[in-house]
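So the structure is just underneath, and the comments pick up after that.
Residue numbers begin at 1 in each chain, while the letters A, B, ... track the order of the sequences.
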Amino acid sequence: MLKNNFIYKIISYDLKKNKYKEIITRFPPEPNGFLHIGHVKSICINFGIIKYFNGKCILRLDDTNPKTEKKIYVNKIKKDIKWLGFKWYKKEKYSSDYFEIYYNYAIELIKKNLAYVDELSLEKIKKYRGNLKIHGKNSPFRNRNIYENLYIFNKMKQGFFKEGTKCLRAKINMKSNNIILRDPILYRIKKNKHFKTKNKWKIYPTYDFSQCIADSIEKITHSICTLEFQNNKILYNWILNNISVNHIPKQYEFSRLNITNTLTSKRKIKKLIKKKIINNWDDPRLLTISGMRNRGYTPKSIKNFCYSLGISKQESNINISILEDFLRKELNNKSKRIMAVINPIKIKINNLNKEIKIKIPNHPQKKEMGEREIILHSKIYIDKKDFNEKKKNKLFLGRIVKLRYAGLIKAEKIIKDKNKNIIYIECKYMNYIYKKKKQKINIIHWVSEKNSFKTKFKLFDYLFKCKNPNKEKNFISKINKKSLIIKKGLIEKYAKKAKKNQVFQFEREGYFKININIKNNKKKITFNHIVSLKK
RNA sequence: UGGGGUAUAGCCAAGAGGUAAGGCAUCGGGUUUUGAUCCCGCUAUUCCCAGGUUCGAAUCCUGGUACCCCUGCCA
């Protein structure tokens with residue numbers, strides 16, 4: 001619920017007090033990777049909350065570091081937000097749109113003697129900064145005069161110096177208890193080509209310097225971000241209070257979304273791709289937006305999940321099964337049912353000499369989804385999981401199971417080869433007799449030889465078996481090696497009528513998406529696992 | 001005694017001095033030829049701990065404890 005949280009209350013209050021005419025939020029991803037489920041929460045908050053207030057939400061690509069940012073990511077980010085069904089205000093913005101403005105504000109700070117060019121090496125800056133317990137100490141360059149600062153900063157801009165040799169720092173307080181305030185870096189030299197401004201700039205503003213100014217320029221009223229920026233808020237305000245801006249947005253923080261059995265860190269995802277553990281950012285096992293799209297998630301199921309979560313400052317780790325519940329809920333209503341046998345084992349029904357045609361519904365609760373015909377005859381397949389000596393409700397010698405929509409079969413003989421592998425099981429067909437007292441006979445799904453075709457199933461499992469791979473030192477070692485399994489099995493012929501990307505519920509198994517590939521005029525059909533049914 | 005945050009059920013989460021909302025999960029029951037779906041019902045004498053103020057405290061005060069973030073020229 002998007003209303004029952006502290007941010008909604010703050011906005012309502014501000015509006016009531018006539019603080020703002022219009023509410024403007026923003027979503028500012030860095031184009032250095034694909035968007036994931038964590039971003040979706042932020043998107044849902046920023047784009048979602050303004051709908052209650054008739055406000056605007058701006059999409060701003062935060063491109064202040066040309067070392068890691070790429071045009072391709074911008075396109076993917078835009079595509080993913082659109083796919084979710086959100087529209088940003090007018091054309092998307094870029095932090096780089098304001099490079100000239102940032103630069104002028106930097107000059108203003110220098111002129112006010114609130115910023116200086118430091119020439120300490122990276123190592124020295126680190127040393128001088130001190131640590132959690134020990135205060136920092138001033139750089140020897142801290143007190144150079146304004147004209148010299150102006151002169152060198154201009155030279156930096158023109159590209160006279162190497163990366164890491166000089167940077168612009170705010171003159172705040174090296175003895176501050178908040179390390180963020182120990183003369184934070186405002187500008188650094190980067191020689192990479194920027195995907196948007198090309199080679200025009202040799203110096204780039206840091207997050208702390210650019211974010212607050214961009215927010216101010218865009219007249220953002222509520223700048224909503226995640227908890228890790230709480231320490232930076234004081235700097236955000238310091239900068240805006242010391243330059244000549246006429247609008248100061250307010251920053252509010254919420255706790256980021258963590259989900260069990262998966263990773264969302266861009267750095268770690270990049271490592272998985274590099275190690276070829278996953279194919280790419282859009283691997284169906286990943287909770288990136290594109291990965292979920294490939295997997296078969298619908299925008300609505302993802303959004304409903306995010307809306308169901310609260311917005312607070314408490315750390316959380318949401319079980320991935322809750323996300324899956326929202327998916328199942330939607331798929332359940334719109335998917336036709338079908339029977340598919342993923343691990344086939346052959347059954348010979350000895351006393352069945354004819355073909356029995358059976359009309360069955362495509363959805364047990366929705367007649368409008370129509371019906372189809374299946375054929376029962378002497379050669380059928382069931383799943384190996386349903387043939388089990390130890391579990392009493394499964395098929396085994398002497399035991400009876402119910403074939404879904406057909407009759408009962410009783411296992412009579414197991415036929416094995418020399419190596420003791422089962423070739424087939426001989427069964428006896430029996431008519432279904434209704435008894436007053438409910439008999440707990442297990443219903444199993446099946447497929448007949450004449451009414452099915454062979455196909456491949458791609459089965460996905462969690463990328464990590466452990467609940468919190470983010471906490472693992474060596475997360476690579478915790479990878480679930482069986483997160484992708486390909487099985488050869490059988491499915492009803494009815495599947496051949498399916499459209500591209502159609503989703504079926506395989507009875508008693510789960511939801512699967514059809515892949516249709518046409519090679520040399522031949523249709524090749526396979527299926528991708530989306531999510532299993534509840535056990 | 002570095003600074004900034006957070007503690008309410010298994011997981012989320014409302015609550016702001018008047019006697020613990022809601023959702024999901026679990027559990028119990030019903031419908032069902034999917035152990036699915038759907039429907040109904042139950043689930044905190046207590047809010048991290050210990051004191052204190054008050055007729056009355058999850059809410060106020062005092063003192064503790066646990067966890068998260070900050071020592072990038074990343075964001």
Side-chain angles (χ1 to χ4, degrees), chain A residues 1 3-6 9 28-30 32-33 62-65 67-69 95 118 120-122 125-136 163-169 175-182 184-190 203-208 210-211 225-234 253 255-257 260 266-267 305 307-319 321-322 325-326 328-329 331-333 337 339 360-361 363-366 393 402-408 432 434 440-445 505-511 532-535:
Chain A
M1 186 56 172
K3 275 184 164 182
N4 207 2
N5 63 73
F6 72 101
K9 280 167 196 160
E30 186 189 12
N32 67 345
D62 193 18
D63 54 349
T64 56
N65 186 356
K67 214 161 203 160
T68 51
E69 294 148 4
S95 290
D118 199 357
L120 249 27
S121 65
L122 270 82
I125 284 185
K126 194 174 173 177
K127 243 182 202 168
Y128 276 61
R129 184 150 39 219
N131 58 39
L132 300 179
K133 303 266 180 188
I134 301 163
H135 285 163
E163 280 185 32
T165 58
K166 289 178 178 55
C167 64
L168 187 75
R169 293 233 248 169
K175 289 190 170 64
S176 171
N177 286 325
N178 183 345
I179 295 170
I180 300 277
L181 255 21
R182 317 240 258 237
I185 279 97
L186 268 20
Y187 262 96
R188 69 289 212 216
I189 298 166
K190 298 266 179 193
I203 52 169
Y204 292 87
T206 53
Y207 164 86
D208 283 313
S210 63
Q211 191 76 233
C225 62
T226 43
L227 248 31
E228 64 268 30
F229 295 108
Q230 285 178 127
N231 293 317
N232 301 58
K233 179 151 68 179
I234 190 164
E253 312 88 7
S255 63
R256 68 184 319 135
L257 173 59
T260 63
K266 286 181 189 173
R267 212 193 84 241
F305 164 73
Y307 291 142
S308 80
L309 267 19
I311 304 168
S312 72
K313 290 184 191 252
Q314 284 175 56
E315 238 208 35
S316 67
N317 199 14
I318 310 288
N319 201 306
S321 65
I322 295 175
D325 275 341
F326 279 90
R328 276 191 280 261
K329 206 167 196 169
L331 264 20
N332 176 48
N333 285 325
R337 312 287 128 123
M339 291 198 275
I360 65 173
H363 193 294
Q365 284 88 28
K366 300 194 171 214
N393 55 354
K402 203 185 289 174
L403 297 176
R404 177 122 163 110
Y405 294 120
L408 304 169
Y432 176 57
Y434 179 78
K440 198 75 181 168
I441 296 180
N442 201 39
I443 296 162
I444 64 168
H445 56 103
Q505 186 204 86
F506 291 2
E507 300 234 16
R508 300 210 309 135
E509 290 285 0
Y511 298 92
S532 301
L533 252 33
K534 271 193 198 170
K535 21 86 207 150

Using a 4.0 Å heavy-atom cut-off across all strands, classify [X] as base, sugar-phosphate, or nothing.
| X | value |
| --- | --- |
| A:P364 | base |
| A:K67 | nothing |
| A:I360 | nothing |
| A:L120 | base |
| A:F229 | base |
| A:N232 | base |
| A:N442 | base |
| A:T206 | sugar-phosphate |

**Message:** One pair to check against salt bridge (charged side-chain N to carboxylate O under 4.0 Å, His left out): A:E163 and A:K67. What are the steps and the verdict?
**Reply:** CA-CA 12 Å; A:E163 280 185 32; A:K67 214 161 203 160; 3.2 Å; yes
If I pick the [atom1] atom on [M] and the same atom on [N], what distance separates them, to the nearest angstrom?
| N | M | atom1 | result |
| --- | --- | --- | --- |
| B:C61 | B:U53 | C1' | 7 Å |
| B:C39 | B:C47 | C1' | 33 Å |
| B:A13 | B:U6 | C1' | 14 Å |
| B:A57 | B:U46 | P | 14 Å |
| B:C12 | B:C49 | C1' | 24 Å |
| B:C27 | B:A14 | P | 27 Å |
| B:C11 | B:G29 | C1' | 25 Å |
| B:G63 | B:G4 | P | 15 Å |

Can you tell me if [X] touches the phosphate of [N], counting only side-chain N or O atoms and a distance under 4.0 Å to OP1 or OP2?
| X | N | answer |
| --- | --- | --- |
| A:T64 | B:A75 | yes |
| A:R337 | B:U32 | no |
| A:K9 | B:A16 | no |
| A:R129 | B:G72 | yes |
| A:S308 | B:C24 | no |

**Message:** If we count only N and O atoms by modelled type, under 3.5 Å, do the side chains of A:N32 and A:K266 hold a donor and an acceptor together?
**Reply:**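 A pair is found: one side chain offers a donor N or O, the other an acceptor, under 3.5 Å apart.
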**Message:** Is it true that A:N178 and A:S176 share a donor-acceptor pair across their side chains at a distance under 3.5 Å?
**Reply:**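 The criterion, which ignores hydrogens and geometry beyond distance, is not satisfied for A:N178 and A:S176.
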**Message:** Any heavy-atom pair between the side chains of A:R169 and A:R182 that's under 4.5 Å?
**Reply:**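 When only atoms from C-beta onward are counted, A:R169 and A:R182 do not touch, as no gap falls below 4.5 Å.
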Between [N] atom [atom2] and [X] atom [atom1], what is the distance in whole Å?
| X | N | atom1 | atom2 | answer |
| --- | --- | --- | --- | --- |
| A:E315 | B:C67 | CD | P | 12 Å |
| A:D63 | B:C74 | CG | P | 15 Å |
| A:K402 | B:U33 | NZ | P | 8 Å |
| A:Y307 | B:A13 | OH | P | 18 Å |
| A:L181 | B:C70 | CG | C1' | 12 Å |
| A:N131 | B:U71 | CG | P | 11 Å |

Using a 3.5 Å distance criterion without hydrogens, assess whether the side chain of [X] forms a donor-acceptor pair with backbone atoms of [Y].
| X | Y | value |
| --- | --- | --- |
| A:H445 | A:L403 | no |
| A:Q211 | A:Y207 | no |
| A:R256 | A:E315 | no |
| A:N319 | A:I322 | no |
| A:S312 | A:Q314 | yes |

**Request:** Could you check which nucleotide pairs with B:U6 in any of the strands shown, counting Watson-Crick or G-U wobble with both distances under 3.5 Å?
**Result:**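 Pair assignment: B:U6 / B:A66.
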**Asked** Which one is paired to B:U46, where only Watson-Crick or G-U wobble pairs with both distances under 3.5 angstrom count?
**Response**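 The answer is none; no pair meets the criterion.
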**Item:** A:D208 and A:L186: CA distance, side-chain angles, deciding distance, side-chain contact (heavy atoms from CB on, under 4.5 Å) verdict
**Value:** CA-CA 7 Å; A:D208 283 313; A:L186 268 20; 5.9 Å; no
Any protein N or O atoms within reach of nucleotides 25-30 of chain B? Criterion: under 3.5 Å, listing atom names and distances.
residue : atom : partner : partner atom : Å
B:A25   : OP1  : A:K534  : NZ           : 2.9

**Prompt:** Taking it one step at a time, do A:E253 and A:K233 satisfy salt bridge (charged side-chain N to carboxylate O under 4.0 Å, His left out)?
**Reply:** CA-CA 9 Å; A:E253 312 88 7; A:K233 179 151 68 179; 3.2 Å; yes
Please tell me which of the listed nucleotides, [options], lies nearest to the side chain of [X]?
| X | options | answer |
| --- | --- | --- |
| A:Q314 | B:A75, B:C11, B:U8 | B:U8 |
| A:N332 | B:U37, B:C70, B:C73 | B:U37 |
| A:L533 | B:A36, B:C38, B:C69 | B:A36 |
| A:R404 | B:U33, B:G72, B:A75 | B:U33 |
| A:I125 | B:C73, B:U34, B:U37 | B:C73 |

**Request:** Map A:K313 and A:E30 onto RNA chain B by nearest heavy atom, then report which one ends up closer to the 5' terminus.
**Result:**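 First, find each residue's nearest nucleotide; the 5'-ward one identifies A:K313.
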**Request:** On RNA chain B, check which nucleotide each of A:F6 and A:G164 is closest to and give me the residue with the more 5' one.
**Result:**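 The residue whose closest nucleotide sits nearer the 5' end is A:F6.
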**Prompt:** Below 3.5 Å, does any donor atom in the side chain of A:Q365 face an acceptor in the base of B:A36, or the other way round?
**Reply:**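 When only heavy-atom distances are counted, A:Q365 does reach the base of B:A36 through a donor-acceptor pair under 3.5 Å.
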**Message:** Check this for me: does the side-chain of A:Q505 come within 3.5 Å of the base of B:U34 through a donor and an acceptor?
**Reply:**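 Yes.
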**Request:** Find the distance between CG (A:D62) and OG (A:S95) and round it off to the nearest 0.5 Å.
**Result:**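 That separation rounds to 3.5 Å.
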**Request:** Enter syn or anti for the glycosidic conformation of B:G72, syn applying to angles within 90° of 0.
**Result:**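 B:G72: syn glycosidic orientation.
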Close N/O contacts between protein and nucleotides 1-3 of chain B (under 3.5 Å):
residue : atom : partner : partner atom : Å
B:G2    : OP1  : A:K133  : NZ           : 3.2
B:G2    : O2'  : A:N177  : OD1          : 2.8
B:G2    : N9   : A:L132  : O            : 3.3
B:G2    : N2   : A:N177  : O            : 3.4
B:G2    : N3   : A:L132  : O            : 3.4
B:G3    : N2   : A:N231  : OD1          : 2.9
B:G3    : N2   : A:N231  : ND2          : 3.2

**Message:** For the aromatic rings, using the six-membered ring if either is Trp, is the centroid distance between A:F506 and A:Y511 under 6.0 Å?
**Reply:**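 Ring centres of A:Y511 and A:F506 not closer than 6.0 Å.
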